[in-house]
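By convention in this document, chain letters (A, B, ...) are assigned in the order of the sequence lines, proteins followed by strands, and residues within each chain are numbered from 1.
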Protein chains: 2
Amino acid sequence: MDQNNDRTRTARPSPLHQRIRSDIEARILSGEWSPGYRIPFEHQLMVEYGCARMTVNKALYSLAEAGLIERRPRAGSFVRRPTVQSAVLAIPDIKAEILARNEAYRYELLSLRKRLASKGDRDLLDVPPAATILHLRCRHFAGPRPFALEERRIVVDEVPNIAEADLRTEPPGTWLLQHVPWHSAEHQISAVNADAAVASLLGIRIGTACLMVDRRTWRAGAAITAVRTWFPGDLQKLVTRFAPSSAAGAVSAAETR
Amino acid sequence: MDQNNDRTRTARPSPLHQRIRSDIEARILSGEWSPGYRIPFEHQLMVEYGCARMTVNKALYSLAEAGLIERRPRAGSFVRRPTVQSAVLAIPDIKAEILARNEAYRYELLSLRKRLASKGDRDLLDVPPAATILHLRCRHFAGPRPFALEERRIVVDEVPNIAEADLRTEPPGTWLLQHVPWHSAEHQISAVNADAAVASLLGIRIGTACLMVDRRTWRAGAAITAVRTWFPGDLQKLVTRFAPSSAAGAVSAAETR
DNA sequence: GGAGGGCAAAGGTCTATACATATCGTGCCG
DNA sequence: CGGCACGATATGTATAGACCTTTGCCCTCC
């Protein structure tokens, strides 16, 4: 019909399946098609856009993956009701983050011990008693100010070549991110008052609110590392933007301890 | 070849493109194929699985969307290096969340005003001076204890039928979630010390660390509502699990104020 | 009037094919 | 010897058709 259908001519006509997808998405997001609305059948859309069913299918499949619609054989595709406010949260490597802000980064190792897994380690990381744990604490500075305090346990058996890392000069998170390729993680974010030790190390007053992030990381089912990080509350904000187009269905939950 | 290829016989043979996808994903996650590795060409996989290229393409397209691989014409598909620790965070409706934990939920409206947008409102919500704002504060109780304190602005012009909601008995978040179908949002999570007002309303001591969540919500580019919620630090934890299979590429960032 | 069977419409998956597009090497030409 | 043009190759997108499963709903039978 229009020139967008003529792929040989226009500059970058943006894939048809993507155009279909965003057309429908726009109508859902604007509220024109509200939850429960049955969107046109694949066959109807295929006629409307003058394309093959596979193309329409790709668009709808993608919308279903994003959680905007629900597809039911024989019945059709329906606009879903949003359930929870979900958001994709990025918790980047601290070193990279500070450098990205054009601030001077400095790293300081406070303590480092290698030992057999304690009871606490086993509960936290689900490792056998014979596992070797590298336990360390360190600080990250942005310019002159302490930016974060970190306490970390690393399961040496899962990451044997950690021995090659010089943890006196290189942050363990950065090293792990670069040398342990892919993993799944669990985060817990909470607010705590700084106790004497934390306050002194972060250069803040006792009782100052801190953002505390606990992260556990697994690869192929085996725990690699557990880390607890404290940020002075006024220094760090976790920011996140969410649009249904980009994020997938959430598999998470909020809990109280 | 095997019975999985014979779709007419087996119980639920799981789509072929999905099997291909998880085969490859497993090899990436296990580290067998580490970052930079060039995975087999579509043509090779198509021979290996004895299927059409479109089927392989669907699997690889999906892996690329999830951010596990990067595809380059002529060059091939490569395992990506993970960049940031991203996580899908769910921030559910407070009422639903408390009820889901089998605790008694109670809602209390503290104040409610309707007025023209102030300078602060305009900066926050990007609305014209003539916009009408509903400004309210309320508390959420889990059992006998205050669970959260909420301060909210609603752009009445965008949600005219908010007038139908009885905000003296119904939490505005719950109402909005049910009546304003789809939207995008921005979250900021930080830790603050409770000031006198917050502490008194949450029944905690002044200075107690609180998790503060700021959320702004848009629909079709127009701001709907902005809300700031305080949780006593020991009552609320944001928990999130992340596996590369489920989450999409993050579009977020961490910032300092 | 209710229960069950069967039909057909809709999505789910896959094939075989086609052409577009991006880019890496190679080889030609200045 | 260096730079540029071109072709080979891998991905990107789309088509038209096929067959399957699922399931809403009608129609029949009890």
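- Q44(B) has its CD atom 8 Å from the P atom of dA10(D), to the nearest Å.
- Rounded to an integer number of Å, the gap from NE2 of H17(B) to P of dT15(C) is 11 Å.
- If you take NZ of K58(A) and C1' of dG12(D), they are 8 Å apart, rounded to a whole angstrom.
- Protein atom CZ of F78(A) is 10 Å distant from nucleotide atom C1' of dG24(D), rounded to whole Å.
- Between the CZ atom of R21(A) and the C1' atom of dT13(D) there is a distance of 17 Å, rounded to whole Å.
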Show which side-chain atoms of residues 152-160 of chain A pair as donor or acceptor with protein atoms under 3.5 Å away, not counting sequence neighbours.
| from | atom 1 | to | atom 2 | distance (Å) |
| --- | --- | --- | --- | --- |
| R152(A) | NE | E150(A) | OE2 | 2.8 |
| R152(A) | NH1 | T225(A) | OG1 | 3.2 |
| R152(A) | NH2 | E150(A) | OE2 | 3.1 |
| R153(A) | NE | D121(A) | OD1 | 2.6 |
| D157(A) | OD1 | T132(A) | N | 2.9 |

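- Separating the CE atom of M46(B) from the C1' atom of dT9(D) is a distance of 14 Å, rounded to the nearest angstrom.
- Closest approach to the C51(A) side chain among dG12(C), dA14(D), dT15(D) is made by dT15(D) (side chain taken as heavy atoms from C-beta onward).
- The NE2 atom of H183(A) sits 14.5 Å away from the CZ atom of R216(A) when rounded to the nearest 0.5 Å.
- Distance F41(B) CZ to dT23(C) C1': 13 Å, rounded to the nearest Å.
- Of the residues in residues 69-76 of chain A, those lying under 4.0 Å from DNA chain D by heavy-atom distance are P73(A), R74(A).
- R27(B) pairs by the salt bridge (charged side-chain N to carboxylate O under 4.0 Å, His left out) definition with nothing, not counting sequence neighbours.
- Nearer the 5' end of DNA chain D, as judged by each residue's closest nucleotide, is the contact made by L60(B), out of L60(B) and M54(A).
- Side-chain nitrogen and oxygen atoms of S77(B) include none within less than 4.0 Å of the OP1 or OP2 phosphate oxygen of dA10(D).
- For N57(A) and dT15(D), the CG to C1' distance is 13 Å, given to the nearest whole Å.
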Show me the donor-acceptor pairs within less than 3.5 Å that the side chains of residues 66-78 of chain B make with the rest of the protein, sequence neighbours left out.
| from | atom 1 | to | atom 2 | distance (Å) |
| --- | --- | --- | --- | --- |
| R71(B) | NE | S77(B) | OG | 3.1 |
| R71(B) | NH1 | E42(B) | OE2 | 3.3 |
| R71(B) | NH2 | E42(B) | OE2 | 2.6 |

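- In this view, H179(A) and W175(A) satisfy the ring-ring contact (aromatic ring centres under 6.0 Å, His included) rule, not counting sequence neighbours.
- Scored by the ring-ring contact (aromatic ring centres under 6.0 Å, His included) test, W33(A) finds Y37(A) as partners (sequence neighbours excluded).
- Between the R81(A) side chain and the Q178(B) main chain, a donor and an acceptor come within less than 3.5 Å of each other.
- With hydrogens and angles ignored, no donor-acceptor pair under 3.5 angstrom links the side chain of R53(B) to the base of dT17(C).
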